[in-house]
Protein chains: 2
Amino acid sequence: MPNRMQLDKIDLRILAVLQQDSSVTNQELADQVGLSPSPCLRRVKALEESGLIRGSVTLLNQNMLGLRLTAFIQISMDRHTPDRFEVFEREVMALPQVKSCSLVTGQSADYLLEVVVEDMDHYQELLLGKLTRIEGVTGVHSSFLLRRIVDRTSLPLEHLI
Amino acid sequence: MPNRMQLDKIDLRILAVLQQDSSVTNQELADQVGLSPSPCLRRVKALEESGLIRGSVTLLNQNMLGLRLTAFIQISMDRHTPDRFEVFEREVMALPQVKSCSLVTGQSADYLLEVVVEDMDHYQELLLGKLTRIEGVTGVHSSFLLRRIVDRTSLPLEHLI
DNA sequence: ATTTTTTAGCTATTATATGCCAACTTAAGT
DNA sequence: ACTTAAGTTGGCATATAATAGCTAAAAAAT
């Protein structure tokens, strides 16, 4: 359903700016992309309308919220049946500590999760109290984040033109 | 350096709303958290000032941009020396396809990357043309995303109060 | 209980968004 | 080459929202 639409250089510049900072005023944005405010706003609205712009969110400082531990968890399931997946996914979606959960290819694991918690105690509680209790979960392997090198919400646009 | 500040229930509600949608007007936000516009705006500004609010960004539709393939790459290095890391990290930061890159604990890998590309051809080009050519990279293991179950930019706030 | 400090809410002002219309550009058709 | 039509821009007027200053109320401290 979501197919590619025609985007010119100005659209791409608009998207590039907004991906970095959605709080720019329409006037500033218009300046930066070389348009006057009204056509600029029209384009932004059209991009929203089309679904290409999904929305805008505020990003918070993880450390200042006391969330000092980020973990990557690989989880494998006993059987690859729809009901196993359904149960697991429903449980995982309900956990606010889960930043992402993906079904992935690969021999060693079915799901890859990124979770965010206060400390090891809370991690243990999440892992042993919640995740490993979900039926079908057989294997779990954790890695912990030591340092972030890249953490982007923006998508590349270089391939378009 | 960034330490926890005092947040009351209203602050948390403000953060919860903005994490989901930063495009709400201050008036709507004030309504939702049960304040009048001016104290609400004051609080938002204070949260920005403190650094707890990092900023706002616009999220785009990955599929509609023709970015159909998401891969998770585990990379191991030959030696764990500062200069090895420096070179690797500098190269990786320059690649717009890299959504995240983290130095992680664990036996099998040093770095975990999430990358976004158009298709397998472009993935191959990125992996063989760029990543494996960085000096010090010895092992690479790729998994591909089949389906996203959770993809959040929001952090949990439940642990505060 | 009184003082001090903090926080809310109102109002006036400024800035910004938004809709409308005319002018311009582009592309296609004759 | 000229004309027509479609689409896009820029400017202006209006509506909406953000912002600062001030007063009142609430909360905290003594």
Side-chain angles (χ1 to χ4, degrees), chain A residues 2-61 64-66 153-154 157-161, chain B residues 2-61 64-66 153-154 157-161:
Chain A
N3 230 332
R4 264 155 97 173
M5 60 185 297
Q6 208 43 23
L7 299 170
D8 64 15
K9 282 132 200 163
I10 296 181
D11 289 317
L12 292 178
R13 254 184 289 175
I14 289 174
L15 295 176
V17 172
L18 292 179
Q19 277 200 124
Q20 298 305 319
D21 181 10
S22 66
S23 71
V24 289
T25 66
N26 183 54
Q27 305 191 357
E28 288 166 353
L29 180 61
D31 270 351
Q32 290 194 44
V33 304
L35 279 180
S36 71
S38 32
C40 183
L41 185 65
R42 255 195 302 269
R43 279 169 182 260
V44 173
K45 295 291 175 191
L47 290 166
E48 285 170 351
E49 193 69 26
S50 75
L52 209 152
I53 288 181
R54 284 167 49 205
S56 301
V57 297
T58 294
L59 304 177
L60 306 183
N61 185 318
M64 286 182 74
L65 290 172
T153 54
S154 62
L157 302 173
E158 287 79 4
H159 64 294
L160 305 168
I161 285 181
Chain B
N3 231 331
R4 263 155 97 173
M5 60 185 296
Q6 207 44 23
L7 300 170
D8 63 15
K9 283 132 202 163
I10 296 181
D11 290 317
L12 292 178
R13 255 183 288 174
I14 288 174
L15 295 176
V17 172
L18 292 179
Q19 277 200 122
Q20 298 304 319
D21 181 9
S22 66
S23 71
V24 287
T25 66
N26 182 54
Q27 304 193 357
E28 288 166 352
L29 179 61
D31 269 352
Q32 289 194 43
V33 304
L35 280 179
S36 70
S38 33
C40 181
L41 186 65
R42 257 196 301 269
R43 280 169 182 261
V44 173
K45 295 291 175 190
L47 290 166
E48 286 169 351
E49 193 68 26
S50 75
L52 209 152
I53 287 181
R54 285 167 48 206
S56 301
V57 297
T58 294
L59 305 178
L60 306 183
N61 184 319
M64 286 182 75
L65 289 173
T153 54
S154 61
L157 302 173
E158 287 79 3
H159 63 294
L160 307 166
I161 286 180

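Proteins get letters first, then strands, A, B, ... in listed order; numbering begins at 1 in each.
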Could you work out, with side-chain contact (heavy atoms from CB on, under 4.5 Å) as the rule, every residue matching B:V17, not counting sequence neighbours? B:V24, B:L29, B:Q32

Could you check how far CD of A:Q6 sits from C1' of D:dT8, rounded to whole Å? 15 Å

Under the side chain to side chain donor-acceptor pair (under 3.5 Å) rule, collect the residues that match up with A:S36, sequence neighbours excluded. none

Approximate separation, where rounding is to 0.5 Å, of B:S50 OG and B:Q6 CD: 12.5 Å

Which atom pairs, one a donor and one an acceptor, fall under 3.5 Å between side chains of residues 8-15 of chain B and the rest of the protein, sequence neighbours left out?
unit_1: B:D8; atom_1: OD1; unit_2: B:I10; atom_2: N; d: 3.1
unit_1: B:D8; atom_1: OD1; unit_2: B:D11; atom_2: N; d: 2.9
unit_1: B:D8; atom_1: OD1; unit_2: B:R43; atom_2: NH1; d: 2.9
unit_1: B:D8; atom_1: OD2; unit_2: B:R43; atom_2: NH1; d: 3.1
unit_1: B:D8; atom_1: OD2; unit_2: B:R43; atom_2: NH2; d: 3.1
unit_1: B:D11; atom_1: OD1; unit_2: B:R43; atom_2: NH1; d: 3.1
unit_1: B:D11; atom_1: OD2; unit_2: B:D8; atom_2: N; d: 3.3
unit_1: B:D11; atom_1: OD2; unit_2: B:R43; atom_2: NH1; d: 3.4

Got a sec, which residues hit side-chain contact (heavy atoms from CB on, under 4.5 Å) with A:R54, two or more places apart in sequence or on another chain? B:L59, B:N61

Neighbours of DNA chain D within residues 52-59 of chain A, by heavy-atom distance under 4.0 Å: none

Among residues at least two apart in sequence or on other chains, which ones pass side-chain contact (heavy atoms from CB on, under 4.5 Å) with A:E158? A:P156, B:P96

Once base and sugar-phosphate atoms are separated, protein heavy atoms under 4.0 Å mark nucleotides 11-28 of chain D, 5' to 3', with B, S and - as B-----SSS---------

Listed by chain and number, what are the side-chain contact (heavy atoms from CB on, under 4.5 Å) partners of A:L41, not counting sequence neighbours? A:N26, A:K45

Quick check: do A:E48 and A:V44 have side-chain heavy atoms less than 4.5 Å from each other? yes

Just jot down the side chain to side chain donor-acceptor pair (under 3.5 Å) partners of A:S38, sequence neighbours excluded, or say none. none

Apply side chain to side chain donor-acceptor pair (under 3.5 Å) to A:D21 and list each qualifying residue two or more places apart in sequence or on a separate chain. A:S23

Distance check, rounded to the nearest 0.5 Å: A:Q20 atom CD versus A:T153 atom OG1? 7.0 Å

Please round to 10 degrees the angle between the axis of the first five pairs and the axis of the last five pairs in the helix from C:dA1-D:dT30 to C:dT30-D:dA1. 40°

Any residue in residues 10-18 of chain A with a heavy atom nearer than 4.0 angstrom to DNA chain D? Just list them by number, or reply none. none

Could you walk me through whether B:L52 and B:L7 pass side-chain contact (heavy atoms from CB on, under 4.5 Å), step by step? CA-CA 11 Å; B:L52 209 152; B:L7 300 170; 3.9 Å; yes

In this structure, how many angstroms lie between the C1' atom of C:dT18 and the CZ atom of A:R43, rounded? 18 Å

Is the shortest heavy-atom distance from the side chain of B:L18 to the side chain of B:L47 under 4.5 Å? no

Could you check how far CG of B:L29 sits from P of C:dG9, rounded to whole Å? 13 Å

